[in-house]
J.: 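Handing you this structure, nothing more for now.
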Amino acid sequence: MNNQEPFTILLVEDNMDHAEMVIRNLEDVPLAHTVVHVENGEAALDYLYARGPFSHRDPSLLPHLMLMDLRMPKVSGLEVLAQVKGDDRLRALPVVILTTSDAEADVAQAYASHANSYLTKPADFAELGQMLKDLVVYWLNWNRKI
Amino acid sequence: MNNYTLSELIDLSTIQNLAAEHYKISGMPIGIIDAIDGSVLVGVGWQDICIQFHRANTASLKACNDSDDYIKNHLVEGEACQYLCKNGLWDIGVPIMVAKRHLATLFLGQFFYEGDTSDRDYFVRQAQQYGFDLKEYLAALDRVPVFTKEKVDSIINYNKSFAKFIAELAERSLRDLESKAKYQAIVDSFDGLIYVCSPDYRIEFMSGKLVERTGRDAVGELCYKVLHDRDSACPWCINERVFAGETVRWEIESPKDGRWYYSVSAPIHNADGSMSKQAMILDITERKRMETELQNKNHELENYTYTVSHDLKSPLITIRGFAGAITSDLAAGRGDRVEKDLNRICNAADKMMTLLDDLLQLSRIGRVIHPPEPVDMTCLANEVLENLSSLLQKNGVQATVQLEMPTVSCDRQRISEVLQNLVENAVQYRGEQSELRVQIGLRQEGDRQIFFVRDNGAGIATEYQQHIFGLFNRLNTQVPGNGVGLSLVKRIIEEHGGRVWVESEGEGKGSTFCFSLN
């Protein structure tokens, strides 16, 4: 997989407040990385396929990690997941679901669609910070890439 | 039930033949008399002395009747009652008891025992007493059969068995009638349809309700023709399994009337070794409809719980999250983001508040339905626009109402909410349109009146046109709103028995929200 530099996280989140919280917490993680925020599933796909508003991008460069909400208007997180995991070029891209829902059906469906991980947004700000830090450390430092 | 007479229970002509042959062999007269109305059911070998003399004379008839009464009162099941009648002849009665009821009496006689005839003087006196022609009377007397004691005992034994045999036959026939009546009662009280057919599809029995539904008693006709109007066996026919001995329970949506039926088909083993199929069919259309409705409601409820919990949780996370952020910012001496973050908290709390209000409103629909009243739709639409005038003015919306729309019967307040929601919706989702026009109107399609709210705003792509009526479903989260409005509209219209949908040629092409009311 051809990754862009530095370590890039594609954040797909329609709730602007939640996105802001995630971005702020990620800023505090002491490992070099960038965050690209898109507001819905449609924009995430545009980004990955370098089309529409992202047509200027080099489509061969992919983010290192996708952090995606499930419930979004138009194209839902599950639909994006299905597209990514069904595409030979994108399949290896780790997709972490980050959502408010802890409904069992959502968890099961996400894993059935080959999500790499499923996280429920903690209400506590410090907990969210710790979780995101662990997440970045894991995927950036520990996880073996292709 | 138990009021049958013997002649209703068995075929007496065979009994009459048996009695006649018995008389030929034994010479003993036999009669079977109905115990209730006294009618003669079987009779052979009546004696002239009885018919032409004793029973033909009022005075001697009284003696006959007294004798009959005596025997009648001394009958015991399984026993023969022997009696020398008051006119001097022997008579024997054997009761025929069917299901503990005395239905008839088998009489043997009249006759003489050997030795009785020597007392001829008794009869000479009797002829004088009643004024009988002596010569003829004595000639009749001489024709009365005479038996030895042994012969009579043997005849009695035979006829006790004969009476028992008749009683058993009658009892079996009674049980048959009772079981038929029970079956009939079951068939009649069953709300469904029952028929019996042969392996070659010939109807052998139809219940009254099926006859009523078919319009005729079609016994002998082909079941697939009569029931399903087909020219060959139905493709779903389960006869093969039933005639292999299986009881088959199944449900089917009839292609004839589109209704759902539950059917239990069971094999019947007939006495002649052949088989029939009994089918009991219950119309379960209503149950099916309710099941589907319940499933839909359950699904809706699940969906509702899921979305409510998600959509309520979301602002809570914002509130907790930013409260935490403010705390840590203040601890670090960073005050620059605090005001903005507090704003986010307030907005999230407001959002929850609106959401809860809308949810309450939604839950009231279906509970609070005002009685329908005649509502002039042009008037109502104008009122709605009047109420929204500041919103319309602020957004520079040109709103119009079609003149002379009809008066319809509906819940005035709810339909007003529908129009208000649809107009607000048009303003909210105007898209890039700077000269928004909204029109409330009516179009007639056949005998259906379709009201509409048309705009030249953002429009909706075909694939989302169903989706937008779902609770909390939103196409554009950048526009304020919580995805309750259109589900509210849908619920109100459906409570009125109507339908709501949107017509749009796509994004940027404007939308027409349509609804019918019945």
Side-chain angles (χ1 to χ4, degrees), chain A residues 11-29 37-44 52-53 69-79 97-110 118-133, chain B residues 299 302-332 334 336-337 340-352 429 460-461 463-464 467-468 470-483 507:
Chain A
L11 172 64
V12 191
E13 171 63 80
D14 65 319
N15 184 313
M16 301 308 273
D17 292 333
H18 291 193
E20 172 70 17
M21 272 194 293
V22 172
I23 291 167
R24 258 195 228 179
N25 277 294
L26 285 174
E27 276 168 7
D28 295 340
V29 177
H37 173 218
V38 291
E39 288 168 21
N40 55 54
E42 201 174 27
D69 195 4
L70 276 185
R71 273 178 58 92
M72 291 181 295
K74 291 188 180 175
V75 183
S76 76
L78 280 178
E79 286 170 271
I97 301 300
L98 179 63
T99 174
T100 50
S101 166
D102 52 9
E104 269 172 43
D106 280 341
V107 181
Q109 258 187 308
Y118 190 103
L119 303 174
T120 308
K121 290 173 191 168
D124 189 83
F125 187 70
E127 235 175 87
L128 179 67
Q130 187 61 49
M131 189 179 87
L132 289 168
K133 191 177 152 208
Chain B
H299 187 73
E302 252 171 53
N303 214 17
Y304 177 81
T305 316
Y306 171 80
T307 39
V308 165
S309 60
H310 178 274
D311 284 48
L312 283 177
K313 216 166 158 187
S314 199
L316 270 179
I317 286 177
T318 303
I319 293 169
R320 285 281 314 259
F322 282 100
I326 291 169
T327 312
S328 76
D329 274 359
L330 289 179
R334 275 194 68 173
D336 55 318
R337 300 192 289 204
K340 213 174 164 192
D341 288 355
L342 277 172
N343 241 333
R344 290 180 199 272
I345 290 175
C346 288
N347 286 339
D350 285 350
K351 200 176 163 192
M352 276 186 81
Y429 298 93
I460 299 151
E463 60 262 43
Y464 302 122
H467 179 78
I468 53 170
L471 185 59
F472 301 117
N473 286 345
R474 308 191 57 214
L475 288 184
N476 187 345
T477 44
Q478 303 314 311
V479 175
N482 53 32
E507 274 182 54

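Sequence lines set the chain letters: A, B, ... in the order given, protein chains first and strands last, and positions in each chain run from 1.
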J.: What part of Asn343(B) lies closer than 4.5 angstrom to a heavy atom of chain A: side chain, backbone, both or neither?
T.: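 For Asn343(B), no heavy atom lies under 4.5 Å from chain A.
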J.: With side chain to side chain donor-acceptor pair (under 3.5 Å) as the test, pick out the partner of Ser314(B) among Thr100(A), Asn15(A), Thr99(A), Asp69(A).
T.: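 Only one option passes, and that is Asn15(A).
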J.: Show your working on side-chain contact (heavy atoms from CB on, under 4.5 Å) between Asp311(B) and Arg71(A) and close with a plain yes or no.
T.: CA-CA 10 Å; Asp311(B) 284 48; Arg71(A) 273 178 58 92; 3.3 Å; yes
J.: Counting heavy-atom pairs under 4.5 Å to chain B, which of Arg24(A), Met21(A), Lys121(A) comes out on top?
T.: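 The candidate making the most pairs under 4.5 Å is Arg24(A).
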J.: Under a 4.5 Å heavy-atom cut-off, does chain B meet the side chain of Asp106(A), its backbone, both or neither?
T.: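 When you check distances to chain B, only side chain atoms of Asp106(A) fall under 4.5 Å.
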J.: Let me confirm one number: the CZ-CG distance from Phe125(A) to Asp341(B), rounded to the nearest 0.5 Å.
T.: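 Phe125(A) atom CZ to Asp341(B) atom CG measures 8.0 Å (nearest 0.5 Å).
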J.: Heavy-atom pairs under 4.5 Å with chain A - which of Gly321(B), Pro315(B), Ser309(B), Ala461(B) has more of them than the others?
T.: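 Between Gly321(B), Pro315(B), Ser309(B), Ala461(B), the count favours Gly321(B).
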J.: When you look at Arg320(B) and Leu128(A), which way does the side-chain contact (heavy atoms from CB on, under 4.5 Å) test go after all the steps?
T.: CA-CA 11 Å; Arg320(B) 285 281 314 259; Leu128(A) 179 67; over 6 Å; no
J.: For Pro122(A) versus Ile317(B), what's the shortest heavy-atom pair and its separation?
T.: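 For Pro122(A) and Ile317(B), the tightest heavy-atom pair comes out as O-CG2, 4.4 Å.
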J.: I'd like to know whether NZ of Lys133(A) has more than 12 heavy-atom contacts from other residues, nucleotides or ligands below 6.0 angstrom.
T.: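 Count not over threshold, so no.
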J.: Distance from Arg344(B) atom CZ to His18(A) atom NE2, nearest 0.5 Å?
T.: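 It comes to 10.5 Å.
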J.: Would you call Asp17(A) and Lys351(B) a salt bridge, taking side-chain N to carboxylate O under 4.0 Å as the test?
T.: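 Salt bridge: no.
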J.: What do you reckon, is CD of Glu104(A) surrounded by more than 12 foreign heavy atoms closer than 6.0 Å?
T.: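 Count not over threshold, so no.
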J.: So how far is it from Asn25(A) CG to Ser328(B) OG, rounded to the nearest 0.5 Å?
T.: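 Rounded to the nearest 0.5 Å, the CG-OG separation comes out at 8.5 Å.
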